[in-house]
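Order of listing sets the numbers, starting from 1, for every ligand and every atom in it. This chain uses plain numbering: 1 for the first residue, then up along the sequence. Computed from a predicted structure; not experimentally measured.
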Amino acid sequence: MAQRIVVTGTDTGIGKTVFAAGLTALLGACYWKPVQAGLEEETDSQRVQRLAELSDSSVIPERYRLAEPASPHRAARLAGIQIDTLRLDPPDTGGRPVVIEGAGGVMVPLDDDTLHLDVFARWRFPVVLCARTSLGTINHSLLSLAALRSRGIDVLGIAFIGNAHPDSEATICRLGEVKRLGRLPWLAPLTATSLQQAFATEFRRADFEP
Ligand SMILES: Nc1ncnc2c1ncn2[C@@H]1O[C@H](COP(=O)(O)OP(=O)(O)OP(=O)(O)O)[C@@H](O)[C@H]1O
Ligand SMILES: [Mg+2]
């Protein structure tokens, strides 16, 4: 069966999509964003395709494309639909690995009753937790790890994003008993080349392999 890795994060807007693009390129994987909420700006799939330099066939179409840039449960309601969380399963990729990006963080609702966490627990795919390095990250990271583990979800490790804060990183890894996968620095400019170079320097492919 194809390898599947879930990319989640401690919050929205922390760089999950940029990290997912780097990981997709590193693994030669496909990318899938099951639920895209917000269509005005570049979507996550478009950004990953650009930054990982993927062919169209390597980007699996979103199951739900919702106009409103809001929590998926609300964006769906505003669109007059309800997300069928049981239909949120990755399609067959002919054996190619898939990087799957959730929306926001682990406790973000998909409908009135279902959190991302519930879907991750049903899937049982290993999860990478992305975390900011800036102030506040210890609390968010430890809470997210506790939530994932409370449901028996396999956490591959934590990937930091941002400028170096070695004490925060070490504290999270020690108290959270989690493997540090690496840190993606804040890149300027952020391009396919700068991202893929930084990713290859900061992360090891073997850490993500089954
Ligand atoms: N390593 C980085 N270097 C430079 N810019 C970055 C980096 N990571 C993220 N950004 C920028 O920060 C913004 C948010 O990043 P991104 O879209 O990856 O966040 P996200 O966690 O996926 O958000 P969402 O919850 O909406 O999916 C984007 O404008 C992105 O270009
Ligand atoms: Mg994203």
If you have a sec, work out which protein heavy atom is nearest [atom] and how many Å separate them, to one decimal?
{"atom": "atom 26 (O) of ligand 1", "answer": "Thr12 OG1, 3.4 Å"}
{"atom": "atom 20 (P) of ligand 1", "answer": "Lys16 N, 3.5 Å"}
{"atom": "atom 19 (O) of ligand 1", "answer": "Gly15 N, 3.0 Å"}
{"atom": "atom 1 (N) of ligand 1", "answer": "Pro185 O, 3.1 Å"}
{"atom": "atom 28 (C) of ligand 1", "answer": "Arg47 NH1, 3.5 Å"}
{"atom": "atom 23 (O) of ligand 1", "answer": "Gly13 N, 3.0 Å"}
{"atom": "atom 7 (C) of ligand 1", "answer": "Trp186 CZ3, 3.4 Å"}
{"atom": "atom 31 (O) of ligand 1", "answer": "Leu190 CD2, 3.4 Å"}

Ligand-residue contact atoms, ligand 1 with [X], heavy atoms, under 4.0 Å:
{"X": "Lys33", "result": "27 (O)"}
{"X": "Glu101", "result": "22 (O), 27 (O)"}
{"X": "Ile14", "result": "19 (O), 20 (P), 21 (O)"}

Could you check whether [X] pairs with [Y] (Lys NZ or Arg NE/NH1/NH2 to Asp/Glu carboxylate O, under 4.0 Å)?
{"X": "Glu62", "Y": "Lys33", "result": "no"}
{"X": "Glu169", "Y": "Arg183", "result": "yes"}
{"X": "Asp154", "Y": "Arg124", "result": "no"}
{"X": "Asp112", "Y": "Arg77", "result": "yes"}

| request: Answer with yes or no whether the side chains of Ser58 and Arg96 bring together a donor and an acceptor at under 3.5 Å. | output: yes
| Residue pair Leu142 / Ile172: nearest heavy atoms and the distance that separates them |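 So the minimum-distance heavy-atom pair works out to CD2-O, 3.9 Å.
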| said: Tell me whether Gly104 reaches ligand 1 (any heavy atom closer than 4.0 angstrom to a ligand atom). | reply: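 Within the 4.0 Å threshold, so yes.
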Is there a polar contact between ligand 1 and [X], counting only N or O atoms under 3.5 Å apart?
{"X": "Leu187", "answer": "yes"}
{"X": "Gly102", "answer": "no"}
{"X": "Val18", "answer": "yes"}
{"X": "Thr17", "answer": "yes"}
{"X": "Ile161", "answer": "no"}

| message | Are Ile5 and Phe125 linked, directly or through intermediate hydrophobic residues, by side-chain heavy-atom contacts shorter than 4.5 Å (ILVMFWY only)? | response |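 Each belongs to a different hydrophobic cluster.
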| Transitively linked via ILVMFWY side-chain contacts under 4.5 Å: Phe208 with Leu195? | yes
| said: Below 4.0 Å, non-hydrogen atoms only: which portion of Asp44 touches ligand 1? Side chain, backbone, both or neither. | reply: side chain
| message | Given the Mg ion (ligand 2) as the apex, I'd like the angle to OD2 of Asp44 and OG1 of Thr17, rounded to 10 degrees. | response |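 Reported to 10°, the angle equals 80°.
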Check: [Y] main-chain N/O paired with [X] side-chain donor or acceptor under 3.5 Å:
{"X": "Thr171", "Y": "Asp167", "result": "yes"}
{"X": "Gln82", "Y": "Asp84", "result": "no"}
{"X": "Trp123", "Y": "Arg4", "result": "no"}

| message | Quick check: Phe19 with Phe160 (ring centres under 6.0 Å apart)? | response |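 No - the distance between ring centres of Phe160 and Phe19 does not fall below the 6.0 Å cut-off.
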| 4.0 Å protein heavy-atom contact status of atom 13 (C) of ligand 1, strictly under | no
| request: Measuring from the Mg ion (ligand 2), name the closest N, O or S atom belonging to Glu101. | output: OE2
| field | 4.5 Å side-chain heavy-atom contact, Pro72 and His116 | value | yes
